[in-house]
Amino acid sequence: MTFILSVLFLLGGELFTVDASAEMSYNVELNRESLKGYVDDIGLFKRHMPGVVSVEHLGGDRYLYVTEKELPLAGSMRTEFLIQKFVYGDSVTVYRSADLEAHNYLYCRVRITPAGATNTIIAIALRVRLSREDASEVHWMAPILGAEFINDQMRKDLDDMLAVFIESSNAELYNHLAPSTTAQGRTE
């Protein structure tokens, strides 16, 4: 009996959970009005966020967001997130897992703030939480390295992903919007 209780205690039934967040803000040299509709496009994440394999619209405000990450010494990990879009006014859009307790939880907030007549600040916050029955489902070394180490690596990955996303999406943004807005102010 003591052996069974010891095994149950060790197994504990608790999930192995890793949870990481990152946030970045950046200035765009375009006014807030010219950005309407552009930064509220989930397709930006599909086109510019490293590791995003697909974003499928499921109807209404729900999406299936699929990522794939190459893990050191472990191959690739494909993860699906069932997310829902929430819009707060004309400045904040949140994409987050429909189920707050989902084993694959994603939260992404995009906030747009005017910064003068010709500049806008865009702030993006990301959070990813993965919970598994077996730690090795996250990475084969996770049981040895522990959640804190994996959290730190995920945080660094999220920072890197956001930096790439900002650079890449800004290039698209300026290619699409800057020529038309600067052409309006030009005199021949």
Side-chain angles (χ1 to χ4, degrees), residues 18-57 61-72 76-98 102 104-130 149-185:
V18 291
D19 194 335
S21 300
E23 185 168 354
M24 287 189 182
S25 296
Y26 58 102
N27 180 60
V28 177
E29 294 178 359
L30 294 166
N31 66 38
R32 170 67 179 92
E33 266 316 294
S34 66
L35 295 173
K36 269 190 178 172
Y38 184 79
V39 292
D40 188 21
D41 172 15
I42 196 166
L44 281 173
F45 292 103
K46 181 179 178 182
R47 293 188 303 273
H48 300 288
M49 186 68 76
V52 175
V53 175
S54 67
V55 179
E56 180 185 343
H57 187 229
D61 58 0
R62 292 185 180 246
Y63 300 85
L64 181 63
Y65 190 86
V66 181
T67 64
E68 191 167 280
K69 172 75 176 150
E70 288 297 320
L71 302 175
S76 64
M77 178 180 180
R78 190 175 185 102
T79 310
E80 294 183 353
F81 301 91
L82 178 59
I83 60 173
Q84 188 170 358
K85 177 181 176 181
F86 300 89
V87 178
Y88 303 98
D90 68 346
S91 297
V92 178
T93 302
V94 171
Y95 297 97
R96 72 158 170 79
S97 293
N104 297 333
Y105 176 84
L106 174 72
Y107 173 90
C108 177
R109 183 191 69 233
V110 179
R111 184 179 48 233
I112 302 159
T113 310
T118 59
N119 288 293
T120 304
I121 302 296
I122 300 175
I124 302 174
L126 277 177
R127 179 179 175 209
V128 175
R129 182 184 68 228
L130 304 174
F149 178 84
I150 302 295
N151 287 344
D152 289 340
Q153 295 307 306
M154 282 177 55
R155 190 172 306 108
K156 290 175 190 172
D157 286 347
L158 290 176
D159 283 337
D160 292 345
M161 290 167 63
L162 280 175
V164 169
F165 173 81
I166 290 167
E167 183 177 332
S168 181
S169 64
N170 267 355
E172 179 183 326
L173 173 70
Y174 286 120
N175 284 336
H176 277 78
L177 297 179
S180 63
T181 56
T182 57
Q184 291 172 3

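Residue numbers count from 1 along this sequence.
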* **Over 12 non-hydrogen atoms of neighbours within 6.0 angstrom of CD in Glu68** => yes
* Step by step, would you call Thr79 with Lys69 a side-chain contact (heavy atoms from CB on, under 4.5 Å)? -> CA-CA 8 Å; Thr79 310; Lys69 172 75 176 150; over 6 Å; no
* To do: Check Ser169 against Tyr26 and note the closest heavy-atom contact, atom names and distance.
  => OG-OH, 4.2 Å
* Asked: Are any non-hydrogen side-chain atoms of Phe165 and Leu44 less than 4.5 angstrom apart?
  -> yes
* In plain terms, say whether Arg155 and Asp152 are close enough for a salt bridge, that is, a side-chain N and a carboxylate O under 4.0 Å apart. => yes
* Asked: Could you give the distance from OH (Tyr107) to CZ (Phe81), rounded to the nearest 0.5 Å?
  -> 15.0 Å
* To do: To the nearest 0.5 Å, tell me how far Asp157 CG sits from Leu162 CG.
  => 11.0 Å
* Asked: Taking C-beta and beyond as the side chain, do Glu23 and Arg111 meet within less than 4.5 Å on heavy atoms?
  -> yes
Give every donor-acceptor pair under 3.5 Å between a side-chain atom in residues 115-128 and any protein atom, sequence neighbours left out.
from, atom 1, to, atom 2, distance (Å)
Asn119, OD1, Asn27, ND2, 3.1
Thr120, OG1, Leu30, O, 2.7
Thr120, OG1, Arg32, N, 3.1
Arg127, NE, Asp19, OD1, 2.9
Arg127, NE, Asp19, OD2, 3.4
Arg127, NH2, Asp19, OD2, 2.5

* Asked: Given side chains that start at C-beta, do those of Lys46 and Tyr65 come closer than 4.5 Å, heavy atoms only?
  -> no
* **With Asn104 via side-chain hydrogen bond (donor to acceptor under 3.5 Å, both in side chains) - residues at least two apart** => Arg132
* To do: Tell me, please, which residues at least two apart from Glu29 pass side-chain hydrogen bond (donor to acceptor under 3.5 Å, both in side chains).
  => none
* How long is the gap from CD1 on Ile42 to CZ on Arg47, to the nearest 0.5 Å? -> 11.0 Å
* Between CE of Met161 and CE of Met24, what distance do you get to the nearest 0.5 Å? -> 11.0 Å
* To do: Give the intermediate values and the outcome of side-chain hydrogen bond (donor to acceptor under 3.5 Å, both in side chains) for residues His48 and Ser168.
  => CA-CA 6 Å; His48 300 288; Ser168 181; 2.5 Å; yes
* Going from CD on Glu80 to CD on Glu56, what distance comes out if it is rounded to the nearest 0.5 angstrom? -> 9.0 Å
* Asked: Counting only N and O atoms by type, is there a donor-acceptor contact under 3.5 Å from the side chain of Thr93 to the main-chain atoms of Val87?
  -> no
* Please assess Val28 against Ile112 for the test side-chain contact (heavy atoms from CB on, under 4.5 Å), listing each intermediate value before the final yes or no. => CA-CA 10 Å; Val28 177; Ile112 302 159; over 6 Å; no
* Asked: What distance separates Ser54 OG from Arg78 CZ, expressed to the nearest 0.5 Å?
  -> 6.5 Å
